[in-house]
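Note that this is a predicted model, so its numbers are computed, not measured. Per chain, numbering begins at 1; letters A, B, ... match sequence-line order.
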Protein chains: 2
Amino acid sequence: MSPTPEPTPARLRAIPSRLLAGAALAADRLVGERLAAEGAHKWHFAALVALDEAGAASQAELSRRTGIYRSDMVAVLNELADTACIRREPDPVDRRRNVITLTPAGRRRLERLDTLIADAQRELLAPLTPDQADELTHLLTVLTDHHRPPHDAR
Amino acid sequence: MSPTPEPTPARLRAIPSRLLAGAALAADRLVGERLAAEGAHKWHFAALVALDEAGAASQAELSRRTGIYRSDMVAVLNELADTACIRREPDPVDRRRNVITLTPAGRRRLERLDTLIADAQRELLAPLTPDQADELTHLLTVLTDHHRPPHDAR
DNA sequence: TACCTTCGTTAGCGTCACGAACGTTTGGAT
DNA sequence: ATCCAAACGTTCGTGACGCTAACGAAGGTA
């Protein structure tokens, strides 16, 4: 006879940092699963968006746009280059840099990933009304803008 | 002359799963720093609360109350036992289990950690009005309740 | 010239959520 | 009474993630 397992204490359930961790975990799982079905990754999408939105850039510049560390960006761009989604060529005017360029294949891939991401967001926010979803997005934006990771201030 | 680093694209900043990840990261950092100053851990607090809220329990039961995996719970309870915050004794009526009991020292420690956690939450939610903070908590609760980790259904 | 910074790259760390497996113990079904 | 499946505590390992250190190459500046 199981002694009726106690639920999570209210004092724990009410803690915002815990709620955020749980929600972020669920969100990452949803996104990860969708993208994995296509052999893709969170970071690939971010890099592609950054390229599509603001044009060709160096790896360091992409790193700043996406928040992905430039040490991790290397592998991301390797894989995107392997699938011909980007071109990576040395910058003639500054030979330290690489110029990363979005290819037509990359733009098509971005379109595909975009719908997957959108699907995941919809599933994530499914239990909320559209107004609530907007409100949540707004509140989270305020929060993340306020708590600037130390790296962005440079 | 730096070519004016492009900010994070709006299409990336507007994605809820990304916002959640960022907010959760900031929150965990705040909580982690506060607790680390006391040599404590997220998990210690959760275990202590679970004990204080619903009374003595086995390790597996604590695991369910807190969401901490029972494999990780071992180390947490080791450390709490080392600092005399809990007692861990074999359960006489079911010798598979340990009975974990909160000690007076543990209750005092919980009080201390409680204020640290509360401080961290206040700092986390600082940019929000009280109403907004409540709304955020509510929305996150709905979200996390809806997306049940597969483990809770047992 | 000398110095400091930026860039791409490699390697590595620490934390976290999670799973595998094992020996022990229990309770239930046969 | 015996067998089996499950639960328990424990150890070990994994993969993902955020992050840092260091290096050689190249550029800017004094």
According to a strict under-4.0 Å criterion, is [X] in side-chain N/O contact with OP1 or OP2 of [N]?
X	N	result
B:Asn78	D:dG9	no
B:Tyr69	C:dC18	yes
B:Arg70	D:dT11	no
B:His41	C:dT15	no
A:Arg97	C:dT9	no
B:Arg29	D:dC19	yes

Check whether any side-chain heavy atom of [X] lies under 4.5 Å from a side-chain heavy atom of [Y], and answer yes or no.
X	Y	answer
B:His147	A:Pro127	yes
B:Arg122	B:Asp119	yes
A:Arg64	A:Arg70	no

[atom1]-[atom2] distance between [X] and [Y], expressed to the nearest 0.5 angstrom:
X	Y	atom1	atom2	result
B:Arg108	B:Glu111	CZ	CD	9.0 Å
A:Glu53	B:Arg11	CD	CZ	5.5 Å
B:Arg18	A:Gln121	CZ	CD	10.5 Å

So does A:Glu61 pair up with A:Arg97, basic N to acidic O under 4.0 Å?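 Judged by the 4.0 Å cut-off on N to carboxylate O distance, A:Glu61 and A:Arg97 do not form a salt bridge.
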Regarding B:Asp91 and B:Arg96, does a basic nitrogen lie under 4.0 Å from an acidic carboxylate oxygen?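 Salt bridge flag = no for B:Arg96 with B:Asp91.
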Main chain of B:Thr8, side chain of A:Arg65: is a donor-acceptor contact present, judged purely on distance under 3.5 Å?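 Looks like no, no N/O pair under 3.5 Å.
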With distance as the sole test, does B:Thr103 use its side chain to make a donor-acceptor pair with the main-chain N or O of B:Ala84 at under 3.5 Å?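 Between the backbone of B:Ala84 and the side chain of B:Thr103 there is a qualifying donor-acceptor contact (under 3.5 Å).
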Is there a donor N/O on one and an acceptor N/O on the other, under 3.5 Å, for the side chain of A:Asp28 and the base of D:dC17?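 Flag unset: no donor-acceptor pair detected.
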Considering only heavy atoms and no angle criterion, is a donor-acceptor pair shorter than 3.5 Å present between the side chain of B:Ser71 and the base of C:dG19?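 Present.
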Using the side-chain contact (heavy atoms from CB on, under 4.5 Å) criterion, which residues pair with B:Thr129? Sequence neighbours excluded.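 Checked B:Thr129 against side-chain contact (heavy atoms from CB on, under 4.5 Å); matches are B:Asp131, B:Gln132.
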Share the residues that join A:Val142 in a hydrophobic cluster, the rule being Ile, Leu, Val, Met, Phe, Trp or Tyr side chains under 4.5 Å apart at the heavy-atom level.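 Grouped by the 4.5 Å side-chain rule, A:Leu19, A:Leu20, A:Leu30, A:Leu124, A:Leu125, A:Leu128, A:Leu136, A:Leu139, A:Leu140, A:Leu143, B:Leu19, B:Leu20, B:Leu30, B:Leu124, B:Leu125, B:Leu128, B:Leu136, B:Leu139, B:Leu140, B:Val142, B:Leu143 form the rest of the cluster around A:Val142.
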Linked hydrophobic residues, B:Ile86 as query - side chain contacts closer than 4.5 Å: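 Via sub-4.5 Å side-chain contacts, B:Ile86 links to A:Leu12, A:Ile15, B:Val31, B:Leu35, B:Trp43, B:Phe45, B:Leu48, B:Val49, B:Leu51, B:Leu62, B:Ile68, B:Met73, B:Val76, B:Leu77, B:Leu80, B:Ile100, B:Leu102, B:Leu110, B:Leu113, B:Leu116, B:Ile117.
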Ignoring the backbone of A:Arg88, work out which of D:dC19, D:dT10, C:dT9 is nearest its side chain.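 Of the options given, the side chain of A:Arg88 lies nearest C:dT9.
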Tell me which nucleotide among D:dC19, D:dC8, C:dA20 gets nearest to the side chain of B:Leu25.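 Of the options given, the side chain of B:Leu25 lies nearest D:dC19.
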Using nucleotides 25-27 of chain D, report all nitrogen or oxygen pairs with the protein that are shorter than 3.5 Å.
unit_1	atom_1	unit_2	atom_2	d
D:dG27	OP1	A:Arg95	N	3.2

Whole-Å distance separating the [atom1] atom of [X] from the [atom2] atom of [N]:
X	N	atom1	atom2	value
B:Ile68	C:dC16	CD1	P	11 Å
B:Asp91	C:dT24	CG	P	19 Å
A:Leu62	C:dC7	CG	P	12 Å
A:Arg64	D:dG18	CZ	C1'	18 Å
A:Met73	C:dT10	CE	P	15 Å
B:His147	C:dA17	NE2	P	18 Å

When the axes are fitted on five pairs at both termini, how much does the helix from C:dT1-D:dA30 to C:dT30-D:dA1 curve, in 10° steps?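 What I find for the helix from C:dT1-D:dA30 to C:dT30-D:dA1 is an axis angle of 10°.
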Where each residue is assigned the nucleotide of DNA chain D containing its nearest heavy atom, which of B:Gln59 and B:Asp72 is assigned the position nearer the 5′ end?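 Residue closer to the 5' terminus by nearest nucleotide: B:Gln59.
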I want to confirm an ordering. Mapping B:Ala21 and B:Val74 to their closest nucleotides on DNA chain D, which one lands closer to the 5' end?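 It is B:Val74, whose closest nucleotide lies nearer the 5' terminus.
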Sub-4.0 Å heavy-atom contacts from residues 42-50 of chain A onto DNA chain D, ordered by number: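 Per residue number, the list reads A:Lys42, A:Trp43.
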